[in-house]
Amino acid sequence: MKREIIFVEASTTGAGSRAQQLAHAEGLNVTLLTRDKGRYGADVLSSADNILFCETNKHAEVVRTVRQRSLNSSIAAVTTTADMYVPQAALAAQEMSLPGLRYEAALRARNKHLMRLVLAERAPEHNVPFSLALNPDEAVAAAQQLKYPLVVKPQEENDGVGVRLIHNESQLTDYMATARSFRRNSAGQGSPSGILMEAYIAGTEFSVETIQFCAGSCQVIGVTTKEMTGHNRNHFIEAGHSFPYVGPEAAALAAATRRVLKALDICHGAVHTECRVDGEDIRIMEINPRLAGGKIGSHLIEMATGLSAVQAVLDAALGKTLEWRCAQSKGAAIHFIWTERPGIFRGIRNTSQLLAMPGIVSVAPIAKFGAHVQPPTSNGDHVAEILAVGQTATTANASAKAAHARARLILD
């Protein structure tokens with residue numbers, strides 16, 4: 001009987017299809033569990049041997065489906081490349097006695113409030129002041145303690161959806177009124193009651209990419225820089241990334257990340273930990289127990305190191321114990337393109353010219369042709385992307401930004 005790997009949904013930004021292709025190269029059958037295959041393109045669907053409908057938002061249903069599948073298949077691993085489905089995959093792997101993140105740890109990491117509570121107890125020096133507000137009165141009272149500006153966000157979302165920078169009580173009460181409609185997150189999952197409020201932390205933002213194999217130590221793949229936009233409109237949108245950052249903060253970032261992952265009992269698989277650094281102070285913004293999105297995990301890491309982080313995720317799910325060793329030392333970067341006015345996306349006017357620029361390896365749309373696009377309020381509003389490579393992350397980033405400055409979208 002051929003061994004099989006089950007993916008509970010998939011990333012649509014590159015890691016999903018790549019993980020399935022690499023699983024085939026391992027000689028595995030690939031089964032994709034999904035509640036809606038219509039959300040996937042041909043790259044994901046064509047690389048799956050089996051596509052099974054399952055209400056993946058229900059944890060027990062995922063376990064039931066995996067158990068049923070195991071009656072006629074040899075299940076080697078259950079995993080996911082999609083943020084919103086980490087707990088479901090963790091529970092199914094745990095119930096099948098397969099390698100994976102502990103279910104309780106996955107739940108704590110997925111819920112931003114639970115994460116804050118654990119860090120407050122076990123690693124307070126890397127936490128931020130926070131409060132959970134169930135109604136406008138509680139929010140206003142909490143703001144008096146946290147002080148303005150502050151950050152508000154749903155407890156279980158992704159890609160910056162619903163995250164806002166709040167400067168005063170009027171903005172806060174308006175946000176809380178809007179938050180009444182946050183009944184389900186962008187994956188259609190029920191949203192927990194209450195809005196997470198956090199003190200605004202100044203400083204430079206980075207992310208730390210790690211991998212942990214079965215019974216192994218936490219290995220740092222590298223540190224990623226992050227450029228943000230949208231603050232003038234009180235939004236937090238990722239403008240671009242470069243990898244690997246090797247500046248003076250890198251070692252301290254790695255040490256802080258190892259400490260908080262241990263505090264949260266996250267001891268398996270890839271983790272994308274977002275941090276802010278102000279002098280010697282390192283604060284954790286978010287912990288995502290999956291490979292970094294935005295093509296960091298699926299593209300930038302391999303472009304820079306010569307090693308596939310997606311392969312590492314697959315190896316961890318299969319129970320292998322390996323050592324992360326770079327095969328080369330280069331730099332890679334991505335810069336996103338967005339629009340400053342609403343319109344209908346008709347393409348990129350000067351793709352060939354951009355591709356002729358030094359270091360540029362890819363210029364591609366993210367939005368579908370004919371889609372309505374708008375000034376960004378979250379990472380989901382990116383219209384296109386530019387990938388670049390260089391001798392260092394700094395040179396790659398400079399190339400990506402130079403191409404971004406010249407990029408021209410076609411909008412109706």
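Starting from 1, each residue takes its place in the sequence as its number.
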Does a donor on one side chain and an acceptor on the other come within less than 3.5 Å for Glu9 and Tyr40? yes

Pair Glu26-His24, side-chain donor/acceptor within less than 3.5 Å: no

Distance check, rounded to the nearest 0.5 Å: [X] atom [atom1] versus [Y] atom [atom2]?
| X | Y | atom1 | atom2 | value |
| --- | --- | --- | --- | --- |
| Ile6 | Thr31 | CD1 | OG1 | 5.5 Å |
| Thr79 | Arg290 | OG1 | CZ | 12.5 Å |
| Ile360 | Leu354 | CD1 | CG | 7.5 Å |
| Arg18 | Gln21 | CZ | CD | 6.0 Å |
| Gln155 | Ser193 | CD | OG | 8.0 Å |
| Asn57 | Arg184 | CG | CZ | 7.5 Å |

Qualifying residue, where the test is side-chain contact (heavy atoms from CB on, under 4.5 Å) with Thr56 and the options are Leu33, Thr34, Thr80: Leu33

Under 4.0 Å between a Lys/Arg side-chain N and an Asp/Glu carboxylate O for [X] and [Y]?
| X | Y | value |
| --- | --- | --- |
| Glu156 | Lys112 | no |
| Glu61 | Arg64 | yes |
| Glu104 | Arg102 | no |
| Asp281 | Arg276 | no |
| Arg259 | Glu125 | yes |

Would you call the rings of Tyr103 and His59 parallel, tilted or perpendicular, where under 30° means parallel and over 60° means perpendicular?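 If you compare the ring of Tyr103 with that of His59, the planes turn out perpendicular.
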
Please output the side-chain donor-acceptor pairs of residues 364-379 that fall under 3.5 Å, not counting sequence neighbours, one pair per line with the distance.
{"from": "Thr377", "atom 1": "OG1", "to": "Asp381", "atom 2": "OD2", "distance (Å)": "3.1"}
{"from": "Ser378", "atom 1": "OG", "to": "Gly380", "atom 2": "N", "distance (Å)": "3.2"}
{"from": "Asn379", "atom 1": "OD1", "to": "Glu238", "atom 2": "N", "distance (Å)": "2.8"}

Name each donor-acceptor pair under 3.5 Å that joins a side chain in residues 402-412 to protein atoms two or more places apart or in another chain, with its distance.
{"from": "His404", "atom 1": "NE2", "to": "Phe336", "atom 2": "O", "distance (Å)": "3.2"}
{"from": "Arg408", "atom 1": "NH1", "to": "Ala405", "atom 2": "O", "distance (Å)": "3.1"}
{"from": "Arg408", "atom 1": "NH1", "to": "Arg406", "atom 2": "O", "distance (Å)": "3.4"}
{"from": "Asp412", "atom 1": "OD2", "to": "Arg346", "atom 2": "NE", "distance (Å)": "2.6"}

Provide the closest heavy-atom pair for Ser308 versus Leu22 in the form atom of the first, atom of the second, distance. OG-CD1, 3.8 Å

At their closest point, which heavy atom of Ala109 faces which heavy atom of Ile266, and how far apart are they? CB-CD1, 3.9 Å

Can any side-chain N or O of [X] pair as donor or acceptor with the backbone N or O of [Y] at less than 3.5 Å?
| X | Y | result |
| --- | --- | --- |
| Gln88 | Val8 | no |
| Thr210 | Cys218 | no |
| His335 | Ala239 | yes |
| Glu198 | Val152 | no |
| Gln20 | Val44 | yes |

Heavy atoms of other groups near Arg3 CZ, more than 12 under 6.0 Å: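 No, not enclosed.
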
Is it true that, when you exclude Gln145 itself, more than 12 heavy atoms of the residues, nucleotides or ligands shown sit nearer than 6.0 Å to its CD?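 No, not enclosed.
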
